[in-house]
Amino acid sequence: MSRSPSPDREPLREFLSGDARELGPLLLGAVLSHDSREGRVSVRLTEVEAYLGPEDSLHPDPGSHTYRGPTPRNAPMFGPAGHLYVYFTYGMHHCTNIVCGPEGVASALLLRAGEIVEGAELARHRRPTSKNPADLASGPARLAKALGLTTAYSGRDALVPPFGLTLPDRPATQVSSGPRVGVSGAGGSEDYAWRFWLSGDPTVSRYKAAKPRPARQHLR
DNA sequence: CACGCGATTTGCT
DNA sequence: GCAAATCGCGTGT
């Protein structure tokens with residue numbers, strides 16, 4: 001019997017078991033793939049946003065879905081790193097997270113934008129309203145749509161087929177950071193500059209990208 | 001059990 | 001520049 005070679009994913013999973021705020025910049029440039037019956041779409045991540053759980057009392061995160069503890073919906077965020085947390089919002093949109101932190105700790109990165117590097121045709125089919133290729137995944141709900149992700153995939157392991165995650169050869173050097181988008185209250189303030197994006201990348205979501213500032217300016 | 005709102009996108013003004 | 005579309009979840013009665 002031929003045994004299909006399966007890559008050792010545990011080093012990557014352990015890497016992802018770190019703090020989402022530190023992993024955010026390091027995941028920029030990583031490629032997430034999803035194979036479906038329709039074909040394969042791969043996205044190179046250009047914008048992510050960190051969310052924490054109730055464990056971190058130093059940084060209460062009322063903007064996080066896990067702020068009030070585990071629920072059936074947010075359960076994957078408390079699970080092992082490298083899994084997906086997909087949620088439904090505004091009655092019509094899906095958004096995708098990659099779970100970070102050790103099991104039991106609700107840390108995750110919301111995938112806010114990316115560049116389609118494989119399966120652009122299928123991505124266009126899933127997002128017919130997008131005319132510009134750079135807009136295929138320039139927003140969290142757009143990215144989820146382009147990858148064909150719904151809540152049905154929440155909790156699935158992003159490191160195992162039909163998914164796949166590959167880190168960039170080298171960490172990105174030109175990274176910007178800023179306040180999170182759509183989060184009200186303290187969690188959205190300047191003190192929580194947990195949104196990271198590749199500086200000047202055309203696929204970064206338009207919403208607040210107009211006023212980019214170097215990550216440096218946020219370090220006191 | 002009823003109510004209010006959101007980690008958004010799109011299209012029209 | 002702004003409002004509509006639409007429903008699961010958390011909160012409060």
Side-chain angles (χ1 to χ4, degrees), chain A residues 19-21 23-25 27-28 32 43 45-56 59-79 83-101 105-116 123-155 158 176-197 202-211:
Chain A
D19 189 310
R21 291 165 295 182
L23 289 168
L27 253 69
L28 294 176
L32 175 64
V43 177
L45 304 178
T46 59
E47 181 184 357
V48 299
E49 211 167 68
Y51 286 85
L52 301 187
E55 308 85 10
D56 192 333
H59 301 90
D61 191 358
S64 173
H65 286 175
T66 58
Y67 182 58
R68 291 163 220 287
T71 67
R73 178 177 69 147
N74 66 27
M77 278 189 68
F78 290 87
H83 286 233
L84 298 172
Y85 167 49
V86 185
Y87 66 90
F88 185 68
T89 190
Y90 288 94
M92 61 186 83
H93 296 302
H94 296 276
C95 296
T96 309
N97 295 252
I98 292 181
V99 175
C100 301
V105 174
S107 172
L109 285 167
L110 169 68
L111 309 184
R112 286 199 54 88
E115 173 197 2
I116 305 294
R124 270 197 305 274
H125 180 253
R126 286 170 173 162
R127 299 206 65 251
T129 55
S130 170
K131 317 223 170 195
N132 188 332
D135 290 338
L136 283 171
S138 62
R142 296 175 177 186
L143 187 150
K145 188 80 173 174
L147 278 178
L149 296 178
T150 65
T151 51
Y153 293 93
S154 194
S176 302
S177 72
R180 295 180 299 182
V181 175
V183 180
S184 56
S189 74
E190 296 278 328
D191 296 332
Y192 288 71
W194 298 346
R195 173 177 168 244
F196 308 95
W197 66 93
T203 65
V204 169
S205 66
R206 251 317 182 63
Y207 196 44
K208 280 188 178 176
K211 305 169 188 170

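If you're wondering where the values come from, they're calculated on a predicted model, not measured in any experiment. Residue numbering restarts at 1 for every chain, and letters A, B, ... go by the order of the sequence lines.
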Measure from the side chain of [X], starting at C-beta and using heavy atoms only, and say which of [options] lies closest.
X: A:Phe88; options: B:dT8, C:dC9, C:dG8; result: C:dG8
X: A:Asn74; options: B:dT8, B:dA7, C:dG10; result: C:dG10
X: A:Met77; options: B:dG6, C:dA5, B:dA7; result: B:dA7

*Would you please confirm or rule out a distance under 4.0 Å between OP1 or OP2 of C:dG10 and any side-chain N or O of A:Thr71?*
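For C:dG10, OP1 or OP2 has a side-chain N or O of A:Thr71 closer than 4.0 Å.
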
*Does A:Arg112 make a side-chain N or O approach to OP1 or OP2 of B:dT8 shorter than 4.0 Å?*
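Result: yes.
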
*Residues two or more places apart in sequence or in another chain: which of them pass side chain to side chain contact (heavy atoms under 4.5 Å, CB included) with A:Ala20?*
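Side chain to side chain contact (heavy atoms under 4.5 Å, CB included) check on A:Ala20 returns A:Ala50, A:Cys100, A:Ser107, A:Leu109.
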
*Can you list every salt bridge (Lys or Arg N to Asp or Glu O under 4.0 Å) pair that touches residues 125-139 of chain A, not counting sequence neighbours?*
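Residue pairs passing salt bridge (Lys or Arg N to Asp or Glu O under 4.0 Å), neighbours aside: A:Glu38-A:Arg126.
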
*Return the stacking result for B:dA7 and A:Tyr51: yes when the ring centres lie under 5.5 Å apart and the planes under 30°, no otherwise.*
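Yes, aromatic ring over the base.
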
Specify the separation, in whole Å, of atom [atom1] of [X] and atom [atom2] of [N].
X: A:Leu136; N: B:dT9; atom1: CG; atom2: P; value: 13 Å
X: A:Arg180; N: B:dT8; atom1: CZ; atom2: P; value: 11 Å
X: A:His65; N: C:dG8; atom1: NE2; atom2: C1'; value: 10 Å
X: A:Tyr90; N: C:dA3; atom1: OH; atom2: P; value: 14 Å
X: A:Arg73; N: B:dC5; atom1: CZ; atom2: C1'; value: 11 Å
X: A:Tyr87; N: C:dG10; atom1: OH; atom2: P; value: 14 Å
X: A:Leu149; N: B:dA7; atom1: CG; atom2: C1'; value: 16 Å
X: A:Met92; N: C:dG8; atom1: CE; atom2: P; value: 12 Å

Ignoring hydrogens and angles, tell me if any N or O in the side chain of [X] forms a donor-acceptor pair with the backbone of [Y] under 3.5 Å.
X: A:Asp61; Y: A:Gly63; value: yes
X: A:Ser64; Y: A:Gly53; value: no
X: A:Glu47; Y: A:Arg195; value: no

*Report the residues that fulfil ring pair (Phe, Tyr, Trp, His ring centres under 6.0 Å) with A:Tyr87, sequence neighbours left out, ordered by chain and then residue number.*
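Per chain and number, A:Tyr87 pairs via ring pair (Phe, Tyr, Trp, His ring centres under 6.0 Å) with A:His65, A:Tyr85.
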
*Who are the ring pair (Phe, Tyr, Trp, His ring centres under 6.0 Å) partners of A:His93, not counting sequence neighbours?*
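A:His93: no ring pair (Phe, Tyr, Trp, His ring centres under 6.0 Å) contacts found.
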
*Sequence neighbours left out, what passes side chain to side chain donor-acceptor pair (under 3.5 Å) with A:His59? Give chain and number order.*
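Testing A:His59 for side chain to side chain donor-acceptor pair (under 3.5 Å), a comparison that skips the adjacent residues, returns A:Arg21, A:Asp56.
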
_side chain to side chain donor-acceptor pair (under 3.5 Å) partners of A:Thr46, counting only residues at least two apart_ =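 By the side chain to side chain donor-acceptor pair (under 3.5 Å) rule, A:Thr46 matches A:Thr203.
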
_Pairing stems for DNA chain B [at least three consecutive pairs; Watson-Crick or G-U; under 3.5 angstrom]_ =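 Detected stem regions: B:1-6 with C:7-12, B:8-12 with C:1-5.
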
*C:dA3 to B:dC5 separation - C1' atoms, rounded to the nearest Å*: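 16 Å, rounded to whole Å.
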
N/O donor to acceptor pairs below 3.5 angstrom from side-chain atoms of residues 145-152 of chain A, sequence neighbours left out:
from, atom 1, to, atom 2, distance (Å)
A:Thr150, OG1, A:Ala152, N, 3.2

Polar atom pairs between nucleotides 10-13 of chain B and protein, under 3.5 Å, N or O only, would you list them?
from, atom 1, to, atom 2, distance (Å)
B:dT10, OP1, A:Arg127, NH2, 2.1
B:dT10, OP1, A:Thr129, OG1, 3.1
B:dT10, OP2, A:Arg127, NH2, 3.4
B:dT10, OP2, A:Arg142, NE, 2.7
B:dT10, OP2, A:Arg142, NH2, 2.5

